[in-house]
Amino acid sequence: MSTPTTDSVPVSDAPRRSVGRIIGATVFGIVAAVVVIALIAAGTIVWNIQRSFPQRDGVIELSGLGSDVTVQRDVRGVPTITASTADDLFFAQGYVHAQDRFWEMDFRRHVTAGRLSELFGASQLETDRFLRTLGWHEIAAIEAEQLDADALRYYESYAAGVNAYLDDHDGADASFEYAVLGLQNPEYEIEPWTVVDSLAWLKAMAWDLRSNLGDETDRALAAQSLSPEQIAQLYPDYPFDENPVIVPVISDVPELEVDATPAAYRGTEDAVEAVTASARIEWTEVGDLIEAVGTLLGRPGEGIGSNSWVVSGELTETGLPLLANDPHLGASLPSVWHQIGLRCRAVGTACPFDVSGFGFSGVPGVIIGHNDRVAWGFTNLTTDVTDLYLEKLEGDQYWRDGELVPLQTRTETIRVAGGDDVQLEIRATGNGPIVSGLTADYGRIASDPYTGETDAVTQPSGAPDGEYAVSLRWTALEPGTTAQSIFTMNLAQDFEDFRTAASQFDVPAQNLVYADVDGNIGYQTPGRLPIRGAGDGSMPQPGWSSAYDWRGYIPFDDLPVVYNPDSGYIVTANNAIVDDDYEYFLTDDWDYGWRAARIVDLIERKAALAPLTATDMRDIQADNQFYLGKRLAAAFADVDAGSDGADAALALLQTWDAQNDADSEAAAYANVLWDQLAVSLFVNGRAEPAPIDDQARMFLVVDRLLDDPESPWWTNTGIGVDGREQMLSYVATSAYERLVAAQGDNQDRWNWGSLHALPLRSDTFGSSGIAPIEWLFNRGPYPVGGGSSVANATGWVLGSGFETVTVPSMRMIVDLSDLDASQWNQLTGVSGHTFHPNYVDQVEDWQRAELSPWPFSRQAVDEAAEFTLTLTPAG
């Protein structure tokens, strides 16, 4: 069996950030390939792989259970757990998660605690330094102390279930990865699972959805060489006149009778103390760990976001709502999601749960899904919840309002597999952990933030003496209540309950959509959204002045909410939530709304023809229309590329439907053309390349440039182009030559799918650099359609090839008229065990955007069950 390769189209001199250069492209280290070959030859590998596969039938006796629990699995391995008490229910969920995904869970907790070096050795020291700087694990420990009694009990029961699995499964019995790890790190021992291990993973997901931190960093760096006018062109305002907002009119709903500002972060000063007490730093200049950490959590890239929408019964065939959701996250193997049903035998006080949906292995409950009355979905809010602060340091002190204040410092020890322990010095200011000693970008900002000739960043008056440093303030670095909100959401029975859950869901900030069996639909902005002082957070701000501090958080009852809008639908796709009339500043870095506009257009057009069905929802999720492709076809209609081949390629665009279908030759050329245009305008040949990482933003930038033929951006002397006409001709020819190099000169053989293919790589051994090991864990590449800022959002990175890096990580459609008629699918499969039948069994359906039946009722679950396991109290 061999792994096919993906066509690639390099960009001549476009800069690209290589995670491989940052963390050595490996979390395994150097293991002699001959050892692996010897294992295979000895025939032990098959036994080592299969020994950890979960038992799915029969009876297992477990200490810690109060009564019998049944675990029914369908053909895809999706479990439905039925128990008599909530404690037993979450105990069993912990056991089942460990059965399916324990290596993933163990790896994640080492990530969130900054302990990767304990697993993989010194290659991970710089990553651990960065992660410990953020202090996720310590903040999660504070949150664990603040859980209410019921939530704490559920998390403790879940941890007990995980540990019950570990009592009988160690090393390769728990997962094959431990057999491979043992070749390098034979002394490693699995530790018991804890409540804090579960809570810390929610911080990692907040990092993956941290919003505009990258834009703020890029703007600060660009300001060193570009004028304010150029930066304004590269970061335009949201096109309110072209694309929709989520909440055009805020609904008048009753105020909640809850305190939506938990004591953990009610006061700004208390919050500052909480974050700085757990800060981590080591003053060593390294590569771009921002991307490295993102890779460990699920490969980062343009396209992190999501689609969700809900339509009321007024527009549907059944007369009741339909709710659709497809969160866009970094591609990972296994998928970040684990599908599950959690059911009480008799729903009541002792056991109130009857819920099904998508969760995270390592975390109890259901994150996105439905219960017997309500359904909910999430998309990234994209509000600004992170700020960089410029600090002025003198020795072990920093300036604050005209006085020198001691830095908060401590030391910490990192254990290193196969090496000596490493001592770290940890520093923070009142704004947060100092990060400028950790990454090249933050180091560049700190080195000379106000020397740009363009004065794009105005130096504040009265800056004190001392050296510059950069600190990070982020809502997720303060204790919160998201861990508790999961259970509140799972138990919601109406819109008020849903909003109560939303009031507890502080990070990551998400758009929440809602539907219920009574026919209501709704939307709520949750999250802990800061109210700023003197600055707006778009650029690093002076940390030495309290005038730039956060003043608190927007009161929950002032956050945007919609309930049963006249339009009959609500669409969220990371677009602007409200227009500029909203009383609070949220961000200037929304997604620019191309997906939202397309989804709204499809809903309205389909609804005008016939009542909407679940099939219509699926078709919208699968839509591949490339907005800018239509714009490029018009712009290049009269361009003479100067060669028969390139002119023939341009002719493809004139009959193209602008759908980025996998088998489309026109889509292949259009996307290469788009990439070539962006890098030719802003990167190749430029002394100071401009940031082009966000395709949604660049769509608007280039869209406006096409209407401005006199713009100086059309001239790029570095590549010998003078003016718009020459640029378009140059780009058309260059794009043709790149595509010929990748797929040949026979246009009939061009196709977007293989150019844009998705490789599924294990986040650990899948990047070992040792081919036999990578073969064991990786799958693909899989040809896919879609693209960036397309409804079928398979994101790729401009200037870095066309490989898919972000994906609709799952898709779901909930039918409130008949929950058993709902449908779902995820990227890979329920199992995290390589070669297990459920390891990648959902990928082909995912490629085609085909969803599977989602049984919910007792009868439907019984009929779908292929396996039934009984967990029973020991003795």
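Quantities reported herein were computed from a predicted structural model and do not represent experimental measurements.
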K.L.:
Is Glu126 salt-bridged to Arg129, cutoff N-O under 4.0 Å?
P.N.:
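Answer for the salt bridge query: yes.
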K.L.:
Looking at Val363 and Gln93, what are the two nearest heavy atoms and their distance?
P.N.:
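Here Val363 and Gln93 meet closest at O-NE2, 4.0 Å.
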K.L.:
Enumerate the side-chain hydrogen bond (donor to acceptor under 3.5 Å, both in side chains) contacts for residues 866-875, please, sequence neighbours excluded, ordered by first and then second residue.
P.N.:
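Every pair satisfying side-chain hydrogen bond (donor to acceptor under 3.5 Å, both in side chains) with a residue in residues 866-875: Asp68-Thr872.
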K.L.:
Between Glu143 and Lys203 (salt bridge meaning N to carboxylate O under 4.0 Å), is one present in this structure?
P.N.:
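Salt bridge between Glu143 and Lys203, a charged N being under 4.0 Å from a carboxylate O: yes.
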K.L.:
Using the benzene-type ring in the case of Trp, are the ring centres of Trp376 and Phe505 under 6.0 Å apart?
P.N.:
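No, the ring centres sit 6.0 Å or more apart.
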K.L.:
Tell me if the aromatic rings of Tyr165 and His97 count as close, with their centers under 6.0 Å from one another.
P.N.:
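Ring centres of His97 and Tyr165 not closer than 6.0 Å.
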K.L.:
Ignoring hydrogens and angles, tell me if any N or O in the side chain of Arg811 forms a donor-acceptor pair with the backbone of Trp846 under 3.5 Å.
P.N.:
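Indeed, once roles are kept as given, a pair shorter than 3.5 Å links the two residues.
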K.L.:
Could you check, using the six-membered ring where one of them is a Trp, whether Phe53 and Phe835 have ring centers closer than 6.0 angstrom?
P.N.:
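No, the ring centres sit 6.0 Å or more apart.
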K.L.:
Any carboxylate oxygen within less than 4.0 angstrom of a Lys/Arg side-chain nitrogen, looking at Arg101 and Glu177?
P.N.:
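Here Arg101 does not pair with Glu177 in a salt bridge, since their nearest N and O are not under 4.0 Å apart.
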K.L.:
Take atom CG of Asp421 as the centre, draw a 6.0 Å sphere, and report whether it contains more than 12 heavy atoms from other residues, nucleotides or ligands.
P.N.:
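Counting other residues, nucleotides and ligands, CG of Asp421 exceeds 12 neighbours.
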K.L.:
Do Trp103 and Phe176 make the cut of ring centroids closer than 6.0 angstrom?
P.N.:
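No: the rings miss the under 6.0 Å criterion.
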K.L.:
Not counting sequence neighbours, which residues clear ring-ring contact (aromatic ring centres under 6.0 Å, His included) with His370? List them please.
P.N.:
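Checked His370 against ring-ring contact (aromatic ring centres under 6.0 Å, His included); matches are Trp854, Phe856.
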K.L.:
List in chain and number order the residues that pass ring-ring contact (aromatic ring centres under 6.0 Å, His included) with Phe90, two or more places apart in sequence or in another chain; answer none if no residue qualifies.
P.N.:
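ring-ring contact (aromatic ring centres under 6.0 Å, His included) list for Phe90, sorted by chain: Tyr154, Phe353, Phe487.
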K.L.:
Please confirm whether Tyr178 and His169 have ring centers closer than 6.0 angstrom.
P.N.:
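That pair fails the under 6.0 Å test.
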